[in-house]
Amino acid sequence: MAFLKVIPLEKALEVVDSLPLEPEMERISLEEALGRVLAEDTVSPIDVPPFNRATVDGYALRSEDTFMASESEPIRLKVVGEINAGDTPEIELNPGEAVYVSTGAPLPKNADAVVQFEDVDRKGNEVLIYKPAYPGLGVMKAGTDIPRGKGILKRGTRLTFKETALLSAVGLSRVKVFRKPRVAVISTGNELVLPGEELKPGRIYDINGRAITDAVRELGGEAVFLGIARDDRESLRTLVEKGIECCDIVILSGGASGGIRDLTSSIIEELGEVKVHGIAIQPGKPTIIGLIDGKPVFGLPGYPTSCLTNFTLLVAPLLRRLIGRESEVRKVKKRLAHKVFSVKGRRQFLPVRIEGDKAVPILKGSGAVTSFVDADGFIEVPENVEILEAGEEVEVTLFG
Ligand code: AMP
Ligand code: MG
């Protein structure tokens, strides 16, 4: 049986920092890039738009030809052709000439303005201009949207539809991103059944398996849920070995408390080494960090709120480091909505819900699933603090 050797959270985080995993990169197609994190600064290889482009339907002309135009004495220009979007223009404008262009069409050579067709009169092959045009009227010049060589996206950017649209605009079909760490998720306990299965007396539905799997996915990792290990050595060892084989990281929940049937630490010890067993925080004291074949194995507490709090404290920073999202802010300052009591000598993490500028403590206890479902994150109550007053400023660490 394993005994807890309790260490401060900071020491546990140092262990997490020193785990032998480094970010890896891969090149993927833009088609698959949504939600991924860029691994390199990206520069536009082209001018956008790539050519001087008409922004209206009308007549492309040389603005200098129209400087004398007025309502009473319009300028007459000879219409020498038509250019539509997608055409490759070969026309070159001579003084006194214009060309009909549609929106999105490239301008003919020597043209520097497009006058909307609503503002002119067409008489046979002539167009009458009633107002001087200025250079650039009705034109988007090459590179004014995005010039060639301009940095458009930074390493560490998570790609939303806006960023994928930008990459599409500059024609990049492949991007370098951080590889998704593969994370095996295992629930433990004879009492657990999967949703959809019959709930026999004494059984409960597995919550942590779903919660951890999807928390990993939300962060940008690839999660593989391996199922529920029964509270026996064979069952647990089989799933842990499977996790080590298929994945970069293994996360277990439950069975970590050092109780007589809590096998997690003993199995990790058997297959590799236990680096941490016991952290001086509440909830989550019996948390385990181990290493098997150079792969981190986390044993998180069974109570769902404790499990997710410790996932956020210990596992999420590792996943962020591997996915290149370290710099993202996951903490907000709020004011406590009401007074809370803590136990002196315990460093406590309390789930809170955010309402405007207030953090509302949720006091159902970590055994209640609704504690973490209703919570947006948690606050820390330091060891030497027994009471936090209403209105006090607190820092909320956000879940997910
Ligand atoms: P343990 O750490 O295994 O002693 O579990 C502590 C408490 O958390 C027990 O009440 C378990 O039934 C509960 N628990 C453990 N794992 C899960 C899970 N995956 N989903 C929901 N509750 C769990
Ligand atoms: Mg258990």
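Bear in mind that the values here come from a model prediction, so they are computed numbers and not experimental data. Start at 1 and go down the list; that is how both ligands and their atoms are numbered.
- Contact check on Asp248 versus Arg179 returns a salt bridge, with a Lys/Arg side-chain nitrogen under 4.0 Å from an Asp/Glu carboxylate oxygen.
- Every atom of ligand 1 is numbered from 1 in the order shown, and the set under 4.0 Å from a heavy atom of Asp206 is 18 (C), 19 (N), 20 (N).
- Panel note: side chain Arg158, backbone Gly35; a donor-acceptor pair is recorded below 3.5 Å.
- In summary, the atoms of ligand 1 found under 4.0 Å from a heavy atom of Glu191, numbered by their order in the structure, are 11 (C), 12 (O).
- Contacts between Leu192 and ligand 1, counted as non-hydrogen atom pairs separated by less than 4.0 Å, involve the side chain only.
- Note: Thr312 OG1 to Leu300 CG = 9.5 Å, rounded to the nearest 0.5 Å.
- Salt-bridge formation is detected for the pair Glu40/Arg27: a Lys NZ or Arg NE/NH1/NH2 atom is positioned less than 4.0 Å from an Asp or Glu carboxylate oxygen.
- Less than 4.0 angstrom separates some heavy atom of Ile207 from each of these atoms of ligand 1: 18 (C), 19 (N), 20 (N), 21 (C).
- Pro301 does not count as a contact of ligand 1, since none of its heavy atoms falls under 4.0 Å from the ligand.
- Closest of all the heavy-atom pairs between Phe349 and Thr309 is CB-CG2, 3.9 Å.
- Within ligand 1, the atoms closer than 4.0 Å to a non-hydrogen atom of Gly255 are 1 (P), 2 (O), 3 (O), numbered from 1 in the order shown.
- Near Ile204, meaning under 4.0 Å from one of its heavy atoms, ligand 1 places the atoms 12 (O), 21 (C), 22 (N).
- A salt bridge links Glu222 to Arg182: one of the charged nitrogens lies within less than 4.0 Å of a carboxylate oxygen.
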